[in-house]
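Index from 1, following the sequence. Bear in mind the structure is a predicted one, so any value in this text is a computation, not a measurement.
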Amino acid sequence: MKKITYFGHACFELDWNGKSIVFDPFIRGNSLAKDVNMEKIMPHLLLLSHAHSDHVADAVEIALQSNAECIAIYEICSWLQKQGVKNVHPTNVGGKLNRDDLTIVHTPALHSSSFDDGSYGGLAGGFVLKSGSDSIYFAGDTALFSDLKLIGELHQPQWAILPIGGNFTMDVEDAIIAAKWLGVKKVIGMHFDTFGYIVIDHQNAVEKFKSQGIELHLLNIGEQKLLD
Ligand code: NI
Ligand code: MN
C-alpha cells in the first residue's frame, strides 16, 4: 500500500507499506502550509534533494523530533550533523541503498545547491524509490535534462513527482516532456504556487497533460492520495 500526503511546495510524506518517508520539508516558512501540524510528522526516513532553504528549512526540527534516518548528499548530512542531527546516512548521486524491502537510488538533477549562508550544498539531486516492480521517482528541483530517459530506462517508474512551476525548475510544458522520457502516465505536481514567480493555472496544467495522455494530480495541502 502506497499513500502520499502533500505538505506543500516540494514536501511530501510517502507511506509505503507502513514505512514513512518524508521529502524536502519546508512548512513553517510556507504560508500556504500554515495548517500543517509539523509536530506530528514522524518519518522513518527523511530524504533531502538539495540544500536550498525551500527544501531543508524544517529538516533539523523534523529529524530531531522523529529520529528519522536522514538520507542526503554528503554536504547536507554534514550540515545536519553540525546542528545536532545524529542519524544521517550520506550518499551522492548514483548511490543506492536498501532499507528493508525498499531500494533508494540517489539520482542527479540539473539545478544548483547551496545553503542560505552561501556555503556549498553539494549537487542537487532526486530519488527513485523501488520495491519489487513498484517504482516512484521524486525529481527534486530540476530543469528538463536528457538523463531523465536513463532514469526511465533503469527504474521504470509508474509515478513521477515533478516540479511544474517554471522559473526555478521545469514548467508544465517541460514536465510533460519529462514524463514522456520517464515513461510515466501518472504525475504528481510540485514546486508551484508557493512564490509569485511560480504561480500556475491548475486547470490549464491538468488539461495540457491530459491532452498528451498523462494524468497530472495537483494535491491540496494536507490531502492524501493512494498511489495505485
Ligand atoms: Ni532549489
Ligand atoms: Mn526549490
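You'll find the side chain of His202 reaches within 4.5 Å of the side chain of Ile200, heavy atoms only. Contact check for His89 versus Cys77: no side-chain heavy atoms found under the 4.5 Å cut-off. Contact check for Asp134 versus Trp16: side-chain heavy atoms found under the 4.5 Å cut-off. Residues Leu154 and Val128 have side chains not in contact (no heavy-atom distance under 4.5 Å, counting atoms from C-beta outward). Tyr6 has its side chain out of reach of Ile188: every pair of non-hydrogen atoms, C-beta onward, lies at least 4.5 Å apart. Between Leu46 and Ser66 there is no side-chain heavy-atom pair separated by less than 4.5 Å. The shortest distance between side-chain heavy atoms of Lys130 and Lys96 does not fall below 4.5 Å. No side-chain heavy atom of Leu129 sits under 4.5 Å from any side-chain heavy atom of Phe138.
A distance-only check finds no donor-acceptor pair linking the side chain of Glu75 to the backbone of Ser114 [under 3.5 Å]. Side chain of Asn17 to backbone of Met1: a donor-acceptor contact under 3.5 angstrom is found.
Atom CE of residue Met190 and atom CG of residue Leu162 lie 6.5 Å apart, to the nearest 0.5 angstrom. Rounded to the nearest 0.5 angstrom, Ile104 CD1 and Phe127 CZ are separated by 8.0 Å. Here the CH2 atom belonging to Trp181 is positioned 13.0 Å from the CD1 atom belonging to Ile176, to the nearest 0.5 angstrom. Interatomic distance, Ile21 CD1 to Lys2 NZ, rounded to the nearest 0.5 Å: 11.0 Å. Atoms CE and NE2, from Met170 and His191 in turn, are 11.0 Å apart once rounded to the nearest 0.5 Å.
Remark: Asn204 engages Lys208 in a side chain to side chain donor-acceptor pair (under 3.5 Å) (not counting sequence neighbours).
In terms of heavy-atom proximity, Cys70 sits nearest to Ala63 at SG-CB, 3.6 Å.
With ring centers used as reference points, His9 lies under 6.0 Å from Phe195.
Side chains of Ser20 and Asp15: no donor on one and acceptor on the other come within 3.5 Å. Side-chain contact, Asp141 with His52: no donor N or O sits under 3.5 Å from an acceptor N or O. In the model, Asn30 has no side-chain atom that pairs as donor or acceptor with a side-chain atom of Thr194 under 3.5 Å.
With Phe7 as reference, Val36 is the one residue of Asp58, Asp24, Val36 to meet the side chain to side chain contact (heavy atoms under 4.5 Å, CB included) rule.
Applying the 6.0 Å contact sphere to CD of Gln203 captures no more than 12 heavy atoms from other residues, nucleotides or ligands.
Classification of the His217-Trp159 ring pair by plane angle, with boundaries at 30° and 60°, yields tilted.
Salt bridge annotation for Arg28-Glu39: present, with a cationic side-chain nitrogen under 4.0 angstrom from a carboxylate oxygen.
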